[in-house]
Amino acid sequence: MTDAPLLPVDDALELVLGQVRPPVVEAVALDRALDRYLVEPLIATLDLPPFTNSAMDGYAVRHRDAPGRFVVIGESAAGAPFAGVLGPGQAVTISTGAVVPDGADAVAPIEWVRSVSEAEPVTIDVAREVRHGYAVRRAGSDVRHGDEVLPAGIRLGPGQLGAAASLGLGALPCGRRPRVALLTTGSELRPAG
């Protein structure tokens with residue numbers, strides 16, 4: 001037995017924490033990063049959405065022309081945008097997520113179309129007023145290039161991993177998991193029996 005004085009708990013804690021070093025940073029694939037901790041803030045490298053797109057299926061129109069009759073001049077589908085420019089009284093069939101064509105400033109939902117003429121030229125009647133920007137998601141309306149998306153030190157859950165994936169990232173800088181060792185000491189400990 002030793003007669004050394006016992007160290008107060010606060011002093012012992014200060015000694016232990018004084019030896020702690022920041023974790024080594026490692027790139028961790030998104031599919032392995034659940035419940036890990038982000039070491040550096042995640043900064044957006046692009047706008048989300050990356051382009052102005054439709055929030056629903058319908059017809060891209062100029063809001064000031066509705067209600068009224070429109071000539072359908074093409075289609076904008078996800079992955080296959082309409083290449084022309086929309087003029088007065090014209091509409092483009094548009095699907096959810098598709099690029100809103102130049103000249104259009106709103107989307108009339110398919111439910112607002114009163115009638116459709118299949119004869120050339122195809123025409124539709126939009127039955128009600130369409131507000132400027134209705135059903136249109138502007139480029140960068142969720143996240144702007146340069147925005148901090150996630151702070152350093154955050155525990156990565158499904159939402160955070162989804163945010164990283166939407167930015168096109170495949171891995172995140174995480175702290176290496178600590179190795180822990182337990183050491184029990186003391187003369188009062190005895191083997192069982």
Side-chain angles (χ1 to χ4, degrees), residues 1-58 76-81 94-100 102 104-107 109 131-193:
M1 240 168 119
T2 179
D3 289 331
L6 294 176
L7 203 55
V9 172
D10 288 342
D11 293 348
L13 186 59
E14 185 178 331
L15 275 173
V16 170
L17 293 178
Q19 299 300 312
V20 174
R21 301 290 173 251
V24 173
V25 178
E26 60 185 5
V28 178
L30 291 187
D31 64 347
R32 302 184 59 77
L34 185 64
D35 291 329
R36 298 290 293 268
Y37 287 85
L38 191 64
V39 174
E40 302 165 2
L42 179 59
I43 307 299
T45 56
L46 51 90
D47 288 341
L48 288 179
F51 51 83
T52 299
N53 68 82
S54 178
M56 58 180 49
D57 291 347
S76 185
I94 194 164
S95 56
T96 303
V99 175
V100 173
D102 289 338
D105 60 13
V107 172
R131 284 189 336 268
H132 180 272
Y134 187 81
V136 172
R137 294 183 293 219
R138 297 275 170 218
S141 59
D142 291 337
V143 174
R144 288 242 176 244
H145 181 273
D147 284 354
E148 182 178 296
V149 178
L150 299 173
I154 193 167
R155 185 177 183 179
L156 298 170
Q160 291 78 23
L161 296 176
S166 70
L167 291 169
L169 300 174
L172 292 173
C174 297
R176 182 177 291 158
R177 291 187 179 192
R179 286 187 233 159
V180 177
L182 297 177
L183 177 65
T184 55
T185 64
S187 61
E188 71 279 1
L189 299 177
R190 302 226 166 193

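Hydrogens, waters and symmetry mates are skipped; everything else that's a heavy atom, side chains included, is used. The shown structure was predicted, so the numbers you read here are calculated from the model rather than taken from an experiment.
Residue pairs satisfying the salt bridge (charged side-chain N to carboxylate O under 4.0 Å, His left out) criterion with at least one member in residues 14-23, sequence neighbours excluded, are absent. Within the structure, side-chain hydrogen bond (donor to acceptor under 3.5 Å, both in side chains) pairs that include any residue of residues 43-52 do not occur (at least two apart or interchain). Residue pairs meeting the salt bridge (charged side-chain N to carboxylate O under 4.0 Å, His left out) criterion with at least one partner in residues 146-161, sequence neighbours excluded, are D35-R155. Residue pairs meeting the ring-ring contact (aromatic ring centres under 6.0 Å, His included) criterion with at least one member in residues 5-28, sequence neighbours excluded, do not occur.
Checked against salt bridge (Lys or Arg N to Asp or Glu O under 4.0 Å), D31 has no partners two or more places apart in sequence or in another chain. In terms of the ring pair (Phe, Tyr, Trp, His ring centres under 6.0 Å) criterion, Y37 has no residue partners (sequence neighbours excluded). Judged as a side chain to side chain donor-acceptor pair (under 3.5 Å), and not counting sequence neighbours, D142 has no contacts. Partners of E26 according to the salt bridge (Lys or Arg N to Asp or Glu O under 4.0 Å) rule, which considers only residues two or more places apart in sequence or in another chain, are R36, R176. Residues meeting the side chain to side chain contact (heavy atoms under 4.5 Å, CB included) test with A55, sequence neighbours left out: A135, R137. With sequence neighbours excluded, no residue satisfies salt bridge (Lys or Arg N to Asp or Glu O under 4.0 Å) with R138. Evaluation of the salt bridge (Lys or Arg N to Asp or Glu O under 4.0 Å) rule for R32 yields no partner, not counting sequence neighbours.
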Residues L15, L7; criterion side chain to side chain contact (heavy atoms under 4.5 Å, CB included); working and verdict: CA-CA 10 Å; L15 275 173; L7 203 55; 3.5 Å; yes

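Heavy atoms only, all atoms of each residue included: R131 and A106 are closest at O-CB, 3.4 Å. Between A77 and A98, the shortest heavy-atom distance links the atoms C-CB, 3.5 Å. A pairwise comparison of heavy atoms in P173 and V25 identifies CB-CG1, 3.9 Å as the closest pair. Of all heavy-atom pairs spanning D57 and S95, the tightest one is OD1-CA, 3.3 Å. Shortest non-hydrogen contact noted between P109 and Y134 is CG-CE2, 3.6 Å. Nearest heavy atom pair, residue V39 against residue G175, reads CG2-N, 2.9 Å.
Taking 4.5 Å as the limit, every side-chain heavy atom of V149 sits out of range of all side-chain heavy atoms of L48. Contact annotation: the side chain of S54 never approaches that of V136 to less than 4.5 Å [non-hydrogen atoms, C-beta and beyond].
Note: L172 CG to E40 CD = 10.0 Å, rounded to the nearest 0.5 Å.
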For residues 156-171, which side-chain N or O atoms pair as donor and acceptor with protein atoms under 3.5 Å away, sequence neighbours left out?
residue: Q160; atom: OE1; partner: G157; partner atom: N; Å: 2.8
residue: S166; atom: OG; partner: A163; partner atom: O; Å: 2.7

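No more than 12 heavy atoms of other residues, nucleotides or ligands sit less than 6.0 Å from atom CG of D10. More than 12 non-hydrogen atoms from other residues, nucleotides or ligands lie less than 6.0 angstrom from CG of L17.
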